[in-house]
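Below is one structure, written out as structure tokens; the observations come after it.
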Amino acid sequence: MLTSFSLSHLLLISALYLFILFSIAWVTERGLIPTWIVRNPLTYTLSLGVYASAWAFYGTVGLAYQYGYGYLATYLGVSGAFLLGPVLLHPILRLTRTYQLSSLADLFAFRFRSPWSGSLTTLVMLIGMLPLLALQIQAVADTVGIMTLEPQPERISLVYCMLIMLFTMLFGARHIASQEKHEGLVLAIAFESLVKLIALIVIGLYALFAVFDGSSQLELWLQQNQSALAALHTPLQEGPWRTMLLVFFSAALVTPHMYHMAFTESIGSNGMVTASWGLPLYLLLMSLAVPLILWSGLKLDVATPPEYFTLGLGLAVNSEPLALLAFIGGLSASSGLIIVSTLALSGMVLNHLVLPLYQPPVEGNIYRWLKWTRRGLIFAIIMAGYGFYRLLDGRHDLTSLGSVAYVGTLQFLPGVLSTLYWPTANRRGYIAGLLVGISIWIFCMLMPLIKGHEVLYLPLLNRIYVLDENTLHMAAVASLAINVLVFSLVSLFTRSTPEEIRAAEACAVENMRLPQRRELVAVSPQEFTEQLAKPLGAATAQKEVGKALRELRLPFNEQRPYALRRLRDRVEANLSGLMGPSIAQDIVKNFLPYKDTTEGFVSEDIHFIENRIEDYKLRLTGLAAELDTLRRYHRQTLQELPMGVCSLAKDQEILMWNRAMEELTEISAQEVVGSRLSAIGQPWMSMFENFIHQQDEHLHKQRLPLDGKPRWLNLHKAAIDEPLAPGNAGLVLLVEDCTEVQVLEDYLIHSERLASIGRLAAGVAHEIGNPVTGIACLAQNLREEHEADKEISETSNQIIEQTKRITKIVQSLMSFAHAGPHHQQHYPVSLSAIAQDAIALLSLNRQGTEVCFINLCDPTHVAEGDPQRLAQVLINLISNARDASPAGGVIRVRSEEKDQMVQLIVEDEGSGIPQTIRARLFEPFFTTKDPGKGTGLGLALVYSIVEEHHGRVDIESPIDPENQLGTRIRISLPRHIDATPATG
Ligand code: ADP
Ligand code: MG
């Protein structure tokens, strides 16, 4: 037999191999490997090959020797779990991703809402994994021992542990940040799986073609050696076979290394789909080599125990490369498992045993503290594995060590299955079942491994118990059965907390999360930071809140309750990735609490549901897709309704704000949806609040002063039940803008009033006309009769003067009342020409203030109308402007053309018109001038004439808001279409 390997030689090879792993991981973390390789589903599948540890690489040959084809249970169990992916792995993956549950302890702490379940899970997992870790160390130590004939493998194993520790610390716990994936680690482990597979296949092929000379020779040999075959065919008793299947089935889910690789480092459901056929294929390929190796080992009468035939084969045929290949394959199998499970365990211990007892100092750098604590834990765990290995002293074969460990982790299977499929399960049941199951395991399987405790006396059965192949399976079944029994009974007969029930619903398969709509005490991200600074320290709190805001793409001044709830959820998820869900839940619950609602109502978050449906859109099919189309249609209808729609939850959170509402209020939906009604700007807020609190369901013609431009609104409201929370009556508000109708109505009322005054004036004028004419005649007669009497003729002259004045007023009254388009003759009127005439006429009158008239009218602007009466309009306007102007003031007359209208504009720099008298300007006899100076008929006449022309008068004053001076009067008149200029 070949013994030429020196110890240093092997150590060098191990170090070199680990260095290669290290480099692969390092290069990947640097981003030097293309993403399509790193995130390839096949890479992910290969990394799951971590399952095939030294137990599978060496131990299965021993298993086959012992149990015949029963060894296949190792592969079939796991393959079964992966083939059941859609009902087992996908739901767990969904949970772990949604809630950032990075380990089994996280999962249970989340599901059972109890830090205790997490801590207990961690503790049990630690103990359960010790034999498996010891197994890996033992396999490497044994193989080195076999190859070097070194009698004391302790030193080797210690050096090996140190090397592995270094690698694990360097890569697993390098950056601790939430949601961080160890892509380097995944690629390194995938590489390891490849090495294992190649090594085993090469050795298997060697066995087939070099040892047996092909399949026909193998057949011949098998026929000649029926005994070898007979061993393989030894039918494995029903019981043990099934137990083994179950054990390896659960190993796929509950062992920390499988959980870590399958879920924590997952690349999404894509990878899971590939793995569900890829991993069984991978394991099948590995298992094919096993009988070949076993037979060739038997044929060559290899000196090593059967479980090391893989290595022994190379030694027996004196092939150094073959032996080395087996050694490296075994090394990679062993190191892969140690690295991944230690990483996973250290995370669990940190989150569930260390952090609940001792939290990082607030002042320090929490990230660093976490990193170093984790490194310390990695050290401790590997040393514990080593310690356990030394305790066992290599007295047990790999098969029994592996079986014991896997039965230990089997105790978690009821917990996992109930998480997915049994919402009634509760924490008491879980803890009780686990405690009972693991105790049986400790007494019947773990203790007997230790020297001096091999024989156990069972007082009840009055029998002596020794751990062997048969009792092992009995103990496994017994521990699991009692675990399940206690779990179910306790769960059925104890109550769960409401929180636990909610978590159970969230975990149950096919249940989408329905977040609740409650209000937080903290009302801004700044307050979040302040609150979180208490447990985390200011720097960390700032970093975490900032990160969550960035991830959600929310602004730093976010105020909406809806957004803040999402922010809280995200902070919790991120902290969960950092410190585990129990601690994260604790921190968030204590420092970012919800407000105590005395009414105690909570309802689901409608925005969340809508957003999620949007995300699901493409996956909806059949009836669901049709319902979604219907939902869209209704939503669209509401959105585009030409009326403002705003729906409110019971706590006055705005749930909907449609487009018309956006236009009316000039507040975008983005800004207000999800916030309280009280958060929207004035004057809307007070109007809505008043309306909500009043009895009437309708409010008509509500006047809303909006920066100078009043609006008239009709408001309606109706109570609606919130979806998913019947009994929580929300409100829907409808806002109708009736400003235009109101303006039109006012205008009509105004002109109607003026018209009636006009008719009155006309009647009065008519009545006054005759007696005044009579008085004038009488006065004339009197003057003629008493020409000699100076006094009488003087008096009669004055009477005649006064009657002339009355006649003048009466005449203008008559012309004011002379309304009606029937006796109108319309001609083209050049605005420039009438402006010129009016200015010339007024300039003759030297009585008024000296002002400067400027005619800026465009000669091409021609109106349609009566030139005389339009000139009258202009004279009245210009004389008013002159009356209002100071000495030397400027009065401009301009014209503009708009669509079918021309506008005549008179601007002055005078006193301006106070708002208070604006409404009465057009009334006859309204004047602010001294008696005798003004008649108050000027603007009334302007109005009536413009009305006759179907035009309109607009007044702007003051036009110079700084000095509160100036008036602009705009007369709109119909435009003359055939633009032949004509003078008035
Ligand atoms: P009157 O000129 O006889 O007073 P009007 O009907 O022409 O009667 O005008 C009514 C009132 O409107 C005036 O008394 C004056 O107070 C105000 N007014 C009209 N035009 C102007 C103007 N351009 N600037 C300031 N006030 C004006
Ligand atoms: Mg006037």
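In listed order, ligands and their atoms are each counted from 1.
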Counting distance only, does the side-chain N/O of [X] pair as donor-acceptor with the main-chain N or O of [Y] below 3.5 Å?
X      : Y      : answer
Gln802 : Ile806 : no
Asn855 : Ile839 : no
Thr803 : Ile775 : no

I'd like to check which ligand 1 atoms, numbered from 1 as shown, lie under 4.0 Å from a non-hydrogen atom of [X].
X      : result
Ala881 : 23 (N)
Gly912 : 25 (C)
Gly938 : 5 (P), 6 (O), 7 (O)
Thr967 : 24 (N)

Around the Mg ion (ligand 2), list the protein N/O/S atoms within a radius below 2.8 Å, excluding water molecules.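 Correct list: Asn880 OD1.
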
Going by atom types alone, do Gln903 and Ser972 pair a side-chain donor with an acceptor below 3.5 Å?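 Judged by distance alone, the side chains do pair up.
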
Hey, looking at [atom], which of [options] has the closest heavy atom?
atom                    : options                        : value
atom 13 (C) of ligand 1 : Thr928, Thr935, Leu939, Val942 : Thr928
atom 26 (N) of ligand 1 : Val906, Ile913, Leu937         : Ile913
atom 19 (C) of ligand 1 : Ile878, Ile891, Asn880, Leu877 : Asn880

Lys/Arg-Asp/Glu bridge criterion (N-O < 4.0 Å) met for [X], [Y]:
X      : Y      : result
Glu745 : Lys701 : yes
Glu740 : Arg711 : no
Arg970 : Glu956 : yes

Would you say Ser911 touches ligand 1, if touching means a heavy atom closer than 4.0 Å?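 Contact present.
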
Min heavy-atom dist Ser957 to ligand 1 below 4.0 Å: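 Checking ligand 1 against Ser957, which is what was asked, there is no heavy-atom contact under 4.0 Å.
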
Mode of Asp908 contact toward ligand 1 - side chain, backbone, both, neither (heavy atoms, under 4.0 Å):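 Near ligand 1, Asp908 shows its side chain, while the N, CA, C and O stay back.
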
Heavy-atom distances under 4.0 Å decide this one: backbone, side chain, both or neither, for Ser879 against ligand 1?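 For Ser879, no heavy atom sits under 4.0 Å from ligand 1.
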
Protein heavy-atom partner closest to [atom] - residue, atom, separation in Å:
atom                    : result
atom 24 (N) of ligand 1 : Ala884 CB, 3.1 Å
atom 4 (O) of ligand 1  : Thr927 OG1, 2.5 Å
atom 2 (O) of ligand 1  : Lys929 NZ, 2.6 Å
atom 10 (C) of ligand 1 : Phe926 O, 3.4 Å
atom 8 (O) of ligand 1  : Gly936 CA, 3.3 Å

Could you walk me through whether His716 and Glu697 pass the side-chain hydrogen bond (donor to acceptor under 3.5 Å, both in side chains) check? CA-CA 6 Å; His716 313 273; Glu697 301 210 320; over 6 Å; no

With sequence neighbours left out, which residue pairs that include part of residues 778-791 fulfil the side chain to side chain donor-acceptor pair (under 3.5 Å) condition?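 Only Arg783-Asn797 qualify under side chain to side chain donor-acceptor pair (under 3.5 Å).
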
Which residue pairs satisfy the side chain to side chain donor-acceptor pair (under 3.5 Å) criterion with at least one member in residues 907-919, sequence neighbours excluded?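 Applying side chain to side chain donor-acceptor pair (under 3.5 Å) to every pair that reaches into residues 907-919, excluding sequence neighbours, yields Arg894-Glu907, Glu907-Arg968.
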
Hey, does Leu921 come in under 3.5 Å of ligand 1, counting only N/O atoms on both sides?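 Min N/O separation from ligand 1 is not below 3.5 Å for Leu921.
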
I want to check a possible cation-pi pair here: Arg550 against Phe556, using under 6.0 Å from ring centre and within 45° of the ring axis as the test.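 Arg550 over Phe556 ring: no.
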
State which residues pass side chain to side chain donor-acceptor pair (under 3.5 Å) with Asn690; sequence neighbours excluded, sorted by chain then number.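 Applying side chain to side chain donor-acceptor pair (under 3.5 Å) to Asn690 gives none.
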
Going through the distances and angles, do His949 and His826 end up as a ring-ring contact (aromatic ring centres under 6.0 Å, His included)? CA-CA 9 Å; His949 284 81; His826 281 184; 5.1 Å; yes

Under the side-chain hydrogen bond (donor to acceptor under 3.5 Å, both in side chains) rule, what do Ser832 and Gln836 come out as? Steps first, then yes or no, please. CA-CA 6 Å; Ser832 173; Gln836 202 50 53; 5.6 Å; no

